[in-house]
Amino acid sequence: MILPCDCGAKLKIDNAKIAGGGVRVRCPRCGTILTATRESVEPAAASPPGARPGPQSSARSRAPEGALVLVAHESEEARAMVRDILVEEGFTVDTAADGTEALQKAMESKPQVLLVDVGLPGIYGFELCGRLKDDEQTNYIKVILLTSAYDVSRYKRTPASLYGADDYIEKHEITEYLTLKIRKLLYPEMFEEASSSDAPPIQISTGRPDAGEYEFSPESLLHDESNAAAPESSMVAGGAAGQGAEPSSWLDTFIQQAQDGSAMAPDSFTLESSVFQEAEGSISNVDESDPEAVAKAKRFARIIVSDIALYNQEAVQDGIQNGTFFELLQDDIADGRQLYEKRVPEAVRSGNDFYQDAFDNFIEAQKRIVR
Amino acid sequence: MSFINYSSREINCKIVYYGPGLCGKTTNLQYIYKKTNPDSKGKMISLATETERTLFFDFLPLALGEIRGFKTRFHLYTVPGQVFYDASRKLILKGVDGVVFVADSQVERMEANLESIDNLRINLAEQGYNLDAIPFVIQYNKRDLPNVVPVGEMKKGLNPRGIPDYEAVATDGGGVFDTLKSIAKLVIMELKQGQPG
């Protein structure tokens with residue numbers, strides 16, 4: 001089974017390892033203790049939009065299948081990739097190639113979620129967001145801004161404002177977090193209550209005017225011990241029914257994926273994300289045979305150091321004074337090295353570590369200033 | 001490329017303020033925003049961090065009169081200057097009509113200026129633009145600080161072609177509108193040259 005953690009990690013757990021009373025696991029990303037118990041979920045029977053589930057079905061999960069997500073991105077390849085991911089997870093997907101088309105489709109088809117590239121041609125993502133949020137007809141649409149700002153793992157800051165958007169995601173996070181972020185926006189109660197096994201079923205409005213209401217019970221993902229006694233066959237049957245067929249909901253997909261799992265591991269959904277890497281293209285390399293290459297590498301190393309220092313002045317001061325410079329700035333320094341190695345050809349780098357030299361020289365210079 | 005809307009008779013031009021981290025690009029836009037007639041400007045968007053460092057870009061729409069019956073609207077953008085954010089800079093340069101390079105006059109940032117202007121040239125070339133052929137002006141900012149490089153030296157390093165350049169202290173507005181007027185003029189001249197009649 002897949003056990004989602006609030007931090008965004010997805011823990012894949014081998015069903016065979018789950019004892020009758022469940023198993024406690026620690027999320028390797030955030031350390032939260034989660035309890036996984038045997039599931040006894042049956043796929044929800046289809047019911048007409050707007051139909052209220054009866055008491056029997058309220059004890060089970062009613063999958064939020066078919067939620068419409070509009071994906072607005074200039075790149076056809078990127079749109080196709082996101083579409084595949086979302087369709088696989090049971091969402092309905094429409095796409096738009098520019099801001100004008102996205103605005104038109106958002107007005108006409110009333111999606112529940114809009115995933116919009118910040119740099120969308122025609123109308124920028126945040127402008128589109130502003131227009132939709134200012135309009136009573138469309139302000140319910142959950143907007144996720146898609147950014148390409150970072151091609152480094154950590155050297156990032158949280159935006160102070162998203163201009164009305166509900167969330168943002170970086171391109172390299174798409175495969176791992178997009179569906180989770182969408183679900184958190186559409187069904188926040190699910191994530192708030194998921195740890196409480198006694199919580200009553202929650203009525204969830206999709207926000208889509210004509211889509212009716214769905215009901216979701218958190219027990220479906222995390223059963224309490226009383227449910228653990230339920231026959232496993234129900235889960236097997238659910239999975240068997242889905243084998244070879246299109247998953248009818250994201251919950252079915254969860255179950256299917258759970259059956260494939262043989263070990264507990266975070267970040268288990270790793271799909272092809274190379275289509276986004278192009279946009280994050282690396283800076284052109286210098287010519288490694290050119291004697292100027294060394295001078296350029298040195299200069300680039302100094303600039304990385306200078307930029308890191310400029311944006312971390314307090315840490316630099318503390319680090320120089322207390323001899324903890326490399327400790328305090330270790331993450332930035334690691335990101336800087338990653339960038340340095342990406343930009344500077346190996347032939348140039350292999351002779352001398354200009355990056356380290358740049359830091360050493362910087363620290364020496366700073367110490368002289370302090371003296 | 002400038003976007004001409006014939007039905008609303010509007011011309012939209014994109015000007016990008018480029019330069020190394022913390023050189024004053026956002027400060028330029030903030031000053032322009034502060035000092036512009038409310039009727040002439042739109043909302044200034046600043047996708048910045050909690051520490052006010054530009055994350056994606058700043059954006060300021062500005063109306064600057066009419067050209068042959070077409071309202072001309074300038075969209076001013078800044079880029080994040082740090083070396084780490086090259087992907088963002090490339091994105092923001094898409095469809096640019098004119099570039100202002102904001103140089104930090106402090107001696108310790110000269111290398112960052114040189115790296116940034118090289119980076120500008122490369123990123124423009126990747127999109128089919130030639131820095132020597134598009135409207136381009138340079139601003140030597142922070143001239144009020146004590147540790148500045150002489151303007152002559154800065155010209156030698158950053159402006160060998162002798163394009164229009166201006167000294168500035170963006171925090172108090174000195175040179176900010178001179179720079180803007182200069183780039184706007186170059187962009188409009190380019191537009192007129194590209195139009196028949």
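Chain letters run A, B, ... following the sequence lines, proteins first and then strands; every chain starts at 1.
Taking the charged nitrogens against the carboxylate oxygens, B:E111 and A:R302 do have a contact shorter than 4.0 Å, which makes a salt bridge. Taking a cutoff of 4.0 Å between a charged side-chain nitrogen and a carboxylate oxygen, A:R343 and B:D86 do not qualify as a salt bridge. With respect to the salt-bridge test (charged N to carboxylate O, under 4.0 angstrom), the residues A:K298 and B:E115 do not qualify.
Within 6.0 Å of atom CD in B:Q127, more than 12 heavy atoms from other residues, nucleotides or ligands are found, so the atom counts as buried in its surroundings. Residue B:K185 places its NZ atom among 12 or fewer non-hydrogen atoms of other residues, nucleotides or ligands, all under 6.0 Å distant. No more than 12 heavy-atom neighbours from other residues, nucleotides or ligands sit within 6.0 angstrom of CD on A:E76. For B:K71, the NZ atom counts as loosely surrounded, since its 6.0 Å shell holds 12 or fewer non-hydrogen atoms of other residues, nucleotides or ligands.
Distance check, rounded to the nearest 0.5 Å: CD1 of A:I303 to CG of B:N119 gives 9.5 Å.
Listed here is the closest heavy atom pair of A:D307 and B:Q82: OD2-CA, 3.1 Å.
Here the side chains of B:F84 and A:I308 are in contact, with some heavy-atom distance below 4.5 Å. Using a 4.5 Å cut-off on side-chain heavy atoms (C-beta onward), B:R109 and A:S306 make contact.
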